[in-house]
A.B. asks: 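Structure below; questions to follow.
Per chain, numbering begins at 1; letters A, B, ... match sequence-line order. In what follows, every heavy atom counts, from backbone to side chain, and hydrogens, waters and symmetry copies are set aside.
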There are 2 protein chains.
Amino acid sequence: MYFCNVKTDRNSFTEENYLKAIHKLSRINPKGVSTNAIAGAMETKASSVTDMVKKLALKMLINYKKYQGVTLTEKGRKAAVSVVRKHRLWEVFLVDNLGFKWDSVHEIAEQLEHVQSEELVIRLDRYLGIPQYDPHGDPIPDSDGNITHHKDTCLSDLKVNQVAVVVGVKDSSSSFLQHLEKMKLVLGASVKVDEIVDFDKSMSICISDGLPVSISEAVAKNLYIKR
Amino acid sequence: MYFCNVKTDRNSFTEENYLKAIHKLSRINPKGVSTNAIAGAMETKASSVTDMVKKLALKMLINYKKYQGVTLTEKGRKAAVSVVRKHRLWEVFLVDNLGFKWDSVHEIAEQLEHVQSEELVIRLDRYLGIPQYDPHGDPIPDSDGNITHHKDTCLSDLKVNQVAVVVGVKDSSSSFLQHLEKMKLVLGASVKVDEIVDFDKSMSICISDGLPVSISEAVAKNLYIKR
DNA sequence: ACTATTTTTTAGACTTATCTAAATTACGGG
DNA sequence: CCCGTAATTTAGATAAGTCTAAAAAATAGT
Ligand SMILES: [Mn+2]
Ligand SMILES: [Mn+2]
Ligand SMILES: [Mn+2]
Ligand SMILES: [Mn+2]
């Protein structure tokens, strides 16, 4: 890392992916995201991250001081949220309009999110009916960059006999989503806690008034619900 | 250019753009596309082209022998046509569904054409009603890579009093399309040749039975028509 | 057939993004 | 406070794609 082209206003695919990762990690670690955390999220090495954060800092997208971790600047936050907005809008399009299943849209959206055109985002948003949530229940940022997080309680927080509605998933991996689908544990489904096994914290639940089925603690912890 | 990763089956954005350019130029120059012609189309330097064609040849996408010009292999043709198909399908989507004007979709399609997903192309094609032509009248290759070129005669080929319908444009530049739009000279419009000025080959034509308007030879040569 | 010009290729350098290995810095436990 | 370990940064290398300048090959004109 010798020199840097600060004059460019546009960010590369890679830069956008770093910003998105930092933005996501900031929610867990608001005081500063560590180099290692970013490397983990980006599936790259810490040394590569160090190079990149230097560049992002030069472009005034993040605050970075050696060994201190990084935080997004307002400019960086805007850029990150814009990518998230595009990602989630495209996921809605793929599921609602093209008929994709919710477990196979993430990878494609990962590419579509980098298409550059203000006009396109505005028109797509309107075309889709200004949706508030993506197919996994994640909130879609508005055009000003505001996000309203509604996911607070997990299915694992419920007690026996409590009732709720599934509103989101924490893990969006294909394997997890397919597993949920098999049990008809999809967004909008109602759940009632039938029993909690003390030994392994697994739950027996009734999905949409069906017969009780058992789910592991891992599943319960990755499902967001609304009471 | 020292070494090359032949193992990758996927082509990079840049490689795809080169293939697309070579494919387009092959129609004018079927015996072999010159380095300079590619450099012109790609807005790059001849030396960069030489490097790239070596790589594409290693990947068996083109036939290349020094100083001989290049031709696409069947594998290369398939790859090029696949990109063209995606480009044109996305243009249809942008105009028909999102309400873009035909003069502002090319740049966005230039990005969307590189999104990798077989499934996406199939579903998009179906969603759009398996369209045969893009917003500029260019034929959309089918899923097997077949293209039926229908553009053969230009408006400039017509004689006085002959009648035809506009079916395509040769130049898809924003400025040309906007110029056409102002005269209501859009796809599907009928034209009748009122007069041909011998001096500069400019034409006076009636568009959709309207009053005669004058167009330059340059415009007439860039409009495809069907009699 | 022999130049003169154009076209194409090569050589060497630069940028972005990545890696491995080595050097620094930070931090927690005694 | 010191020391060992973990986290982070640096140094140096690689790969893709680009460029300029120079060399080599092809082509054209006489
Ligand atoms: Mn996603
Ligand atoms: Mn991405
Ligand atoms: Mn186009
Ligand atoms: Mn392109």
A.B. asks: Scan for salt bridge (charged side-chain N to carboxylate O under 4.0 Å, His left out) pairs involving residues 66-78 of chain B, sequence neighbours excluded, and state none if there are none.
C.D. replies: B:E74-B:R77, B:E74-B:K78

A.B. asks: Is the shortest side-chain N/O distance from B:S48 to OP1 or OP2 of D:dT18 below 4.0 Å?
C.D. replies: no

A.B. asks: Between B:Y64 and A:E15, which is nearer to the 5' end of DNA chain C once each is assigned its nearest nucleotide?
C.D. replies: B:Y64

A.B. asks: Is A:E113 salt-bridged to A:R88, going by a charged N under 4.0 Å from an acidic O?
C.D. replies: no

A.B. asks: In chain order, what residues pass the side chain to side chain contact (heavy atoms under 4.5 Å, CB included) check against A:N97, with sequence neighbours excluded?
C.D. replies: A:F93, A:Y127, A:L128, B:Y127

A.B. asks: Pairs in or reaching into residues 25-42 of chain B: which pass side chain to side chain donor-acceptor pair (under 3.5 Å), with residues at least two apart or in two chains?
C.D. replies: B:R27-B:H149

A.B. asks: For A:F100, check ring pair (Phe, Tyr, Trp, His ring centres under 6.0 Å) against everything at least two apart and list the hits.
C.D. replies: none

A.B. asks: Between atom NZ in B:K54 and atom C1' in D:dT18, what is the gap in whole Å?
C.D. replies: 14 Å

A.B. asks: Is there a residue in residues 18-46 of chain B whose heavy atoms reach under 4.0 Å of DNA chain D, and which residues are they?
C.D. replies: B:Y18, B:T44, B:K45

A.B. asks: Using the ring pair (Phe, Tyr, Trp, His ring centres under 6.0 Å) criterion, which residues pair with A:H114? Sequence neighbours excluded.
C.D. replies: A:F13

A.B. asks: Give a yes/no answer on whether the side chain of A:S47 brings an N or O atom under 4.0 Å of OP1 or OP2 in C:dC19.
C.D. replies: no

A.B. asks: Base, sugar-phosphate or nothing for A:T14? Non-hydrogen atoms, less than 4.0 Å.
C.D. replies: sugar-phosphate

A.B. asks: Mind calculating the distance between CG (B:D51) and P (C:dT9) to the nearest angstrom?
C.D. replies: 10 Å

A.B. asks: Considering only heavy atoms, which members of residues 65-73 of chain A lie under 4.0 Å from some atom of DNA chain C?
C.D. replies: A:Y67

A.B. asks: Going by the rule ring pair (Phe, Tyr, Trp, His ring centres under 6.0 Å), which residues pair with A:Y64 if we only count those two or more places apart in sequence or in a different chain?
C.D. replies: none

A.B. asks: Exactly one of B:D142, B:D125, B:D138 should register a salt bridge (Lys or Arg N to Asp or Glu O under 4.0 Å) with B:R85. Which one does?
C.D. replies: B:D125

A.B. asks: Using whole Å, report how far CE of A:M52 lies from C1' of C:dT15.
C.D. replies: 12 Å

A.B. asks: What pairs of residues pass the ring pair (Phe, Tyr, Trp, His ring centres under 6.0 Å) test when at least one of them lies in residues 65-87 of chain A, not counting sequence neighbours?
C.D. replies: A:H87-A:H106

A.B. asks: How many Å lie between CD on A:E16 and C1' on C:dT16, as a whole number?
C.D. replies: 15 Å

